[in-house]
Amino acid sequence: MSGTSLDGIDAALIDLVPRQNNYEVELVRFATAKFERALLEELRAALPPNVPSIERLASLNRRLGIAFADAAASVAGGAIDFVASHGQTIWHDGERRLTVQIGDPYTVRDRLGATVCFDFRTADCVAGGHGAPLVPHVDALLFSDPAEDRLAINIGGIANVTALPKARAEAAYAYDTGPGNILLDAFVGIRSNGVSAMDRDGALAARGEVDEPLVAAMLQEAYFGLPFPKSTGRELFGDRFLARHAEGLRRLNDADGAATLTELTARTVAQAIVATNFRAPRAIVSGGGARNPHLLQRLSHHAPHARIETSDRHGVPVDAKEAIAFAILGYETLRGRAANVPAATGAERPAVLGAIVPHELSNLLERMDRECRLT
């Protein structure tokens, strides 16, 4: 998959074994393939607020399919059973139930010689949901615990939180809290003239001072006050958001600007933690933000009652978590099992997610049927 941050294509090869209503998961290999510069520039030019032509989108769809196939082949190392491809979100408007991901799955199938599951979000939109977040189903499988309240927090380009009440896995709910790394990454890229794409380890923000009036102004964004279920993306927290606050950011030095944008992410994620009313939850963080010690420190500051730790401690590498999640969602698609969480997406009903590009599909389904009957 490739996320909102556009920092590369994550490819995970996993060994997945069904265990009654759960799964045993082993990560075999993982890699992040960087986009070729020309492809990345064309992709950025096609994202909001830009309005690409149909011809450009068709070309990008094919080129991304080739890039995804190359990334998958680099970790496959031989024959595989199936591929689950999230693709690249080119447009998402949860309120209007509109979402589009590109990355030609037929190219992936022909390169890997395997069935491909793709287009995971549309089915939830048709069922009345936002089409996001979809990872909560996997969060409940991987991280829920009958003995303690937990939260699964992913801080990628956008941040989202899944609440996992103890002894009530069916009561899980989730939503996008707002910006994760997207604003900070863009700010650092602008200030460094493209030399840096991120605030590595939060070192820049750690040297700065938070501009409290600017954080307060940013927190006036209507999205933060909406009840869940809700989802968001680059359409809201992208270039347009930075443009609205350009004057406030312009008067800050690099370190203070980074500190202020990091604080916005930390506070909005912490607000979601506090809103659960969990007394002493374990908060399991994944995504690029989990590699930012300063961000995690600010998160702990604003949610001191939570035990903040990374998903690495639970056997799920922080960088691979979402790729692993969509592999599991692909298996659920092939089993014909609903994998959305209506409390997270706002859907009116459970829905089987994903479309299938078949390759020797009957043989694959027979093997899966034997696997499932053995557990």
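When a residue number appears, it is its place in the shown sequence, counting from 1. Computed from a prediction, not measured in an experiment: that's the story for all the values here.
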Taking 4.0 angstrom as the limit, do [X] and [Y] come out as a salt bridge?
X	Y	result
Lys321	Asp312	no
Asp81	Arg367	yes
Arg307	Glu309	no
Glu148	Lys166	no
Arg44	Asp239	no
Asp211	Arg251	yes
Arg240	Glu235	no
Arg267	Glu212	yes
Asp319	Arg291	yes
Arg111	Asp70	yes

Can you tell me if [X] has over 12 outside heavy atoms packed within less than 6.0 Å of its [atom1]?
X	atom1	answer
Arg200	CZ	no
Glu36	CD	no
Asn21	CG	no
Leu374	CG	yes
Arg62	CZ	no

Of Leu353, Val341, Asn160, which is the lone residue that meets side chain to side chain contact (heavy atoms under 4.5 Å, CB included) with Leu134?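 By the side chain to side chain contact (heavy atoms under 4.5 Å, CB included) criterion, Leu134 pairs with just one of Leu353, Val341, Asn160: Leu353.
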Looking at every heavy atom in both [X] and [Y], which two are closest together, and how far apart are they?
X	Y	result
Ile90	Pro48	O-CD, 3.7 Å
Ala339	Glu332	CB-CB, 4.1 Å
Gly180	Ile155	CA-CG2, 3.8 Å
Ala174	Pro136	CB-CG, 3.2 Å
Ile273	Ala306	CG2-CB, 4.0 Å
Val138	Ala325	CG2-O, 3.5 Å

Drop me the distance from [X]'s [atom1] to [Y]'s [atom2], to the nearest 0.5 angstrom.
X	Y	atom1	atom2	value
Leu261	Asn181	CG	CG	11.0 Å
Asp199	Ser192	CG	OG	10.5 Å
Leu40	Phe35	CG	CZ	6.5 Å
Thr260	Leu249	OG1	CG	7.5 Å

Determine whether Val161 and Val269 satisfy the following criterion, side-chain contact (heavy atoms from CB on, under 4.5 Å), listing intermediate values before the conclusion. CA-CA 7 Å; Val161 170; Val269 173; 4.2 Å; yes
Please determine which of Thr99, Asp176, Thr4 meets the side-chain hydrogen bond (donor to acceptor under 3.5 Å, both in side chains) test together with His92.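 That would be Thr99.
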Among Asp139, Asn154, Thr310, which one satisfies side-chain hydrogen bond (donor to acceptor under 3.5 Å, both in side chains) with Ser286?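 Per the side-chain hydrogen bond (donor to acceptor under 3.5 Å, both in side chains) rule, the option paired with Ser286 is Asn154, out of Asp139, Asn154, Thr310.
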One pair to check against ring-ring contact (aromatic ring centres under 6.0 Å, His included): Phe224 and Phe237. What are the steps and the verdict? CA-CA 11 Å; Phe224 296 128; Phe237 294 109; 5.4 Å; yes
What's the verdict on side-chain contact (heavy atoms from CB on, under 4.5 Å) for Tyr223 and Leu236, showing C-alpha distance, side-chain angles and the deciding distance? CA-CA 9 Å; Tyr223 181 83; Leu236 178 57; 3.6 Å; yes
Determine the interplanar angle of the Tyr173 and Tyr175 rings, folded into 0 to 90°, and report it as parallel if under 30°, tilted if 30 to 60°, perpendicular if over 60°.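 Tyr173 vs Tyr175 ring planes: parallel.
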For residues [X] and [Y]: do they belong to one hydrophobic cluster (side chain heavy atoms under 4.5 Å, members Ile, Leu, Val, Met, Phe, Trp, Tyr)?
X	Y	answer
Met198	Phe187	no
Val116	Leu329	no
Ile158	Met218	yes
Met1	Leu39	no
Ile14	Ile80	no

Might you work through the side-chain hydrogen bond (donor to acceptor under 3.5 Å, both in side chains) test for Asn61 and Asp104, ending with a clear yes or no? CA-CA 5 Å; Asn61 183 57; Asp104 180 20; 4.6 Å; no
Validation row: [X], [Y] side chains within 4.5 angstrom (heavy atoms):
X	Y	result
Asp149	Arg279	no
Val357	Val83	no
Asn292	Asp201	no
Gln101	Phe120	no
Thr89	Val100	no
Tyr23	Val17	no
Phe30	Val75	no
Leu47	Leu6	yes

Just by distance, with hydrogens left out, do Gln271 and His302 show a side-chain donor and acceptor under 3.5 Å apart?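 Note: Gln271 and His302 side chains miss the donor-acceptor criterion.
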Start with the C-alpha distance between His314 and Arg150, add both sets of side-chain angles, then the distance that settles side-chain contact (heavy atoms from CB on, under 4.5 Å), and finish with yes or no. CA-CA 12 Å; His314 296 263; Arg150 290 183 169 185; 4.0 Å; yes
Take Thr162 and Val135 through the test side-chain contact (heavy atoms from CB on, under 4.5 Å) and record every step on the way to the result. CA-CA 8 Å; Thr162 302; Val135 173; 5.9 Å; no
